[in-house]
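Taking it in order: structure first as structure tokens, then the write-up.
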Amino acid sequence: MQATITVLGGDGIGPEVTAVAVALLQEVAALGGHTFTFQEALFGGCAIDATGDPFPTETRSLCENCDAVLLGAVGGPQWSDPSAKVRPEQGLLRLRQHFGLFANLRPVRTYPMLAGHAPLRAELLEGVDMLFVRELTGGAYFGARQEQGDGDTAYDTMIYTVPEVQRVARVAFRAAQTRRKHLTSVDKANVLASSRLWRRTVEQVAPEFPDVRLDHALVDSFAMQLIRTPSRFDVIVTENMFGDILTDEAAVLAGSLGMLPSASLGEGTFGVYEPIHGSAPDIAGKGIANPTGTILSAALLLRYSLNLAEEAAALESAVIKALESGARTADIAESGAPVLSSAEFGERVRVALRKVG
Ligand code: NAD
């Protein structure tokens with residue numbers, strides 16, 4: 001197949017990790033007889049420096065004319081003045097809004113060979129394999145907000161409509177159908193009106209997916225269960241802010257922020273794929289960042305935007321094979337063990353991919 005992929009490296013370690021993932025996508029294309037065209041564009045802090053805008057028109061039009069976007073990360077201390085009118089993160093929100101990317105998918109799994117890196121006991125991490133579906137364009141992050149009077153009162157509005165909940169619930173139910181057929185919807189229905197609407201709507205959608213077992217959890221008790229019994233969850237669907245917090249909590253299970261991928265999807269096949277970590281200014285420019293989250297994001301891109309499920313699975317297997325063979329970047333290496341650069345780690349995945357593919 002032929003596909004065009006826009007690469008927004010962004011800031012800090014962003015371009016370092018996307019470079020590794022692009023090289024592997026090129027390998028996937030060569031092995032499968034596909035043609036992938038890559039087009040790079042400015043995004044985030046580097047785009048502010050060059051154009052004054054974190055999401056310039058030229059970048060937007062390249063994104064409009066491609067099949068999928070692979071994104072690194074944005075931000076850094078040089079753009080972090082809270083009083084600044086233009087900030088790199090505004091680019092992310094505008095990108096999501098512009099393309100109606102209402103569902104953020106974050107698979108979280110643990111790797112037995114990295115169990116020593118997670119702060120939880122190894123037996124709690126056994127068999128952890130879950131998928132968060134976070135609503136991405138509604139709730140308190142997009143509702144009306146105001147600081148009032150002399151600044152001693154402020155409010156944000158957590159607002160949801162039935163269609164907004166229905167569409168993200170359907171994404172989650174469909175994902176559950178392809179997995180262990182268990183969906184947990186997380187809300188705060190005992191207190192919040194928007195959560196009662198959320199729960200009622202998810203219940204109304206459920207009969208469309210009779211093969212999926214649905215249960216509900218209150219966000220506070222879910223936050224505890226996520227640490228006490230993470231392996232009992234399969235797919236989790238929740239609103240924007242709860243999802244933001246819970247997915248970072250879940251990331252701890254994987255042992256390093258550098259391990260986890262994400263996909264942001266709308267109604268069609270177009271999607272934005274990025275690791276969950278930030279621009280890591282403390283290690284930027286050293287070539288030592290863990291590219292796993294970005295490589296696995298590239299696998300999600302193959303699966304969801306290009307419908308190349310076999311290639312996606314092969315890339316995911318290659319990552320596991322490389323880890324099994326002892327390939328480690330600094331963040332996941334045992335003390336005294338050999339440490340690979342981002343590029344060397346990518347090369348080990350490429351060697352494994354050739355064997356798998
Ligand atoms: P961060 O995720 O960048 O870094 C947190 C810690 O994890 C750091 O010690 C970093 O070195 C380490 N780390 C992160 N990714 C790693 C990787 N791939 N390999 C090895 N180690 C890794 O979070 P932060 O320090 O809170 O934020 C830094 C900047 O990134 C800020 O400007 C923030 O706004 C931005 N940020 C951007 C995004 C995004 O682009 N989606 C997400 C989160 C934070």
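In what follows, every heavy atom counts, from backbone to side chain, and hydrogens, waters and symmetry copies are set aside.
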Checking ring pair (Phe, Tyr, Trp, His ring centres under 6.0 Å) for the pair Phe222/Phe242: CA distance, chi angles, key distance, verdict?
CA-CA 10 Å; Phe222 180 83; Phe242 296 161; over 10 Å; no
Please examine the side chains of Trp198 and Leu192, heavy atoms only from C-beta on, and report whether any two atoms are closer than 4.5 Å.
no
Test: Arg179 and Asp129 ion pair at under 4.0 Å:
yes
At their closest point, which heavy atom of Leu340 faces which heavy atom of Glu344, and how far apart are they?
CA-OE1, 3.4 Å
So do the side chains of Glu249 and Ile227 get within less than 4.5 Å of each other, counting heavy atoms only?
yes
Is there side-chain contact between Ile236 and Leu131, with heavy atoms separated by less than 4.5 Å?
no
Main-chain N/O of Ile48 paired to Thr51 side chain as donor or acceptor, under 3.5 Å:
no
Here the pair of heavy atoms bringing Ala176 nearest to Val212 is CB-CG1, 3.8 Å
Keeping to residues at least two apart or across chains, list the ring-ring contact (aromatic ring centres under 6.0 Å, His included) pairs with something in residues 297-329.
none
With no hydrogens and no angle check, just 3.5 Å: does a side-chain donor-acceptor pair link Tyr141 and Asp244?
yes
Check whether any side-chain N or O of Arg87 sits under 3.5 Å from a backbone N or O of Asp81 as a donor-acceptor pair, and report yes or no.
yes
Assess whether side chain to side chain contact (heavy atoms under 4.5 Å, CB included) is satisfied between Leu315 and Val349, documenting all intermediate values.
CA-CA 8 Å; Leu315 187 51; Val349 176; 4.2 Å; yes
Is Arg109 positioned over the aromatic face of Tyr111, cation under 6.0 angstrom from the ring centre and no more than 45 degrees off axis?
yes
For side chain to side chain contact (heavy atoms under 4.5 Å, CB included), just list the numbers for Phe345 and Arg328, CA-CA rounded to whole Å, side-chain angles, deciding distance to a tenth of an Å, and then say yes or no.
CA-CA 7 Å; Phe345 184 89; Arg328 298 284 188 277; over 6 Å; no
A quick test of your reading: do over 12 heavy atoms of other residues, nucleotides or ligands sit less than 6.0 Å from CD of Gln225?
yes
Can you tell me how far the CG atom of Leu302 sits from the OG atom of Ser297, to the nearest 0.5 Å?
11.0 Å
Measure the CD-CZ distance between Glu64 and Phe270 for me, rounded to the nearest 0.5 Å.
9.0 Å
On a heavy-atom basis, the closest approach of Val86 and Pro54 is CG1-CD, 3.3 Å
Does Ser342 use its side chain to pair, donor to acceptor, with the backbone of Asn290 at less than 3.5 Å?
no
Quick check on the hydrophobic clustering: are Val252 and Phe233 connected, directly or via other members, by side-chain heavy-atom contacts under 4.5 Å?
no
Does Asp67 use its side chain to pair, donor to acceptor, with the backbone of Ala3 at less than 3.5 Å?
no
Are the side chains of Phe209 and Lys181 in contact, using a 4.5 Å heavy-atom criterion?
no
In terms of side-chain geometry, is the basic nitrogen of Asp215 or Arg232 positioned less than 4.0 Å from the acidic oxygen of its partner?
no
Determine, using the 4.5 Å side-chain heavy-atom cutoff (strictly less than), whether Leu308 and Val319 are members of one ILVMFWY cluster.
yes
Once you round to the nearest 0.5 Å, how far does CD1 of Ile288 lie from OG1 of Thr329?
8.5 Å
Could you go through the side chain to side chain contact (heavy atoms under 4.5 Å, CB included) check for Asn307 and Met1 one step at a time?
CA-CA 10 Å; Asn307 199 21; Met1 79 167 303; over 6 Å; no
Linking I/L/V/M/F/W/Y whenever their side-chain heavy atoms sit closer than 4.5 Å, directly or via other members, would Leu101 and Met241 fall into one cluster?
no
So how far is it from Ser305 OG to Tyr273 OH, rounded to the nearest 0.5 Å?
2.5 Å
Are any side-chain N or O atoms of Thr35 and backbone N or O atoms of Gln2, one a donor and one an acceptor, separated by less than 3.5 Å?
no
Is the closest side-chain heavy-atom distance between Arg106 and Leu260 below 4.5 Å?
no
Looking only at the side chains, is there a donor atom on one of Trp79 and Asp11 sitting less than 3.5 Å from an acceptor on the other?
no
Backbone N or O of Leu62 within a donor-acceptor pair of the Thr6 side chain at under 3.5 Å?
yes
If every non-hydrogen atom of Ser279 is compared with every non-hydrogen atom of Gly76, which pair is closest and at what distance?
OG-N, 4.1 Å
Here the pair of heavy atoms bringing Pro107 nearest to Pro261 is CD-O, 3.6 Å
So, the side chain of Ser195 versus the backbone of Lys188: is there a donor-acceptor pair under 3.5 Å, distance only?
yes
Should we count CD of Glu123 as having more than 12 external heavy atoms under 6.0 Å?
yes
If you count every heavy atom of other residues, nucleotides or ligands that lies below 6.0 Å from Glu310 atom CD, does the total exceed 12?
no
In terms of heavy-atom contacts, Val219 and Val186 come closest through CA-CG1, 3.6 Å
Arg180 side, atom CZ; Asp234 side, atom CG - distance, nearest 0.5 Å:
4.0 Å
Decide, yes or no, whether a salt bridge links Arg200 with Glu203 under the criterion of side-chain N to carboxylate O below 4.0 Å.
no
Just so I know, are the side chains of Cys66 and Gln39 near enough to count as touching, which here means a heavy-atom distance under 4.5 Å?
yes
Go through the steps for Glu27 and Arg354 under the test salt bridge (charged side-chain N to carboxylate O under 4.0 Å, His left out), then give the verdict.
CA-CA 8 Å; Glu27 186 70 28; Arg354 283 192 176 159; 2.9 Å; yes
Backbone N or O of Phe55 within a donor-acceptor pair of the Thr59 side chain at under 3.5 Å?
no
How about CG on Asp248, more than 12 heavy atoms from neighbouring residues, nucleotides or ligands closer than 6.0 Å, or not?
yes
Reported CG-to-CZ distance for the pair Asp53 and Phe43, which is rounded to 0.5 angstrom
9.5 Å
Thr294, Leu70, Val17, Ile5 screened by side-chain contact (heavy atoms from CB on, under 4.5 Å) with Val22, the one that passes
Leu70
Leu24-Val69 co-clustered via ILVMFWY side chain contacts under 4.5 Å
no
Side-chain heavy atoms of Glu135 within contact of Phe102, under 4.5 Å:
yes
Contact list for residues 311-327, test side-chain hydrogen bond (donor to acceptor under 3.5 Å, both in side chains), sequence neighbours left out
His34-Glu311, Arg303-Glu316, Ser325-Arg348
Does the Asn104 side chain pair with the main chain of Leu136, one donor and one acceptor, at a distance under 3.5 Å?
no
Does the Gln90 side chain pair with the main chain of Lys85, one donor and one acceptor, at a distance under 3.5 Å?
yes
For side chain to side chain contact (heavy atoms under 4.5 Å, CB included), just list the numbers for Leu214 and Phe173, CA-CA rounded to whole Å, side-chain angles, deciding distance to a tenth of an Å, and then say yes or no.
CA-CA 9 Å; Leu214 169 68; Phe173 273 110; 4.2 Å; yes
Taking side chain as C-beta onward, heavy atoms only, is Arg196 less than 4.5 Å from Arg199?
no
Is there a path of hydrophobic side-chain contacts, each under 4.5 Å between heavy atoms, that joins Val74 and Leu42?
no
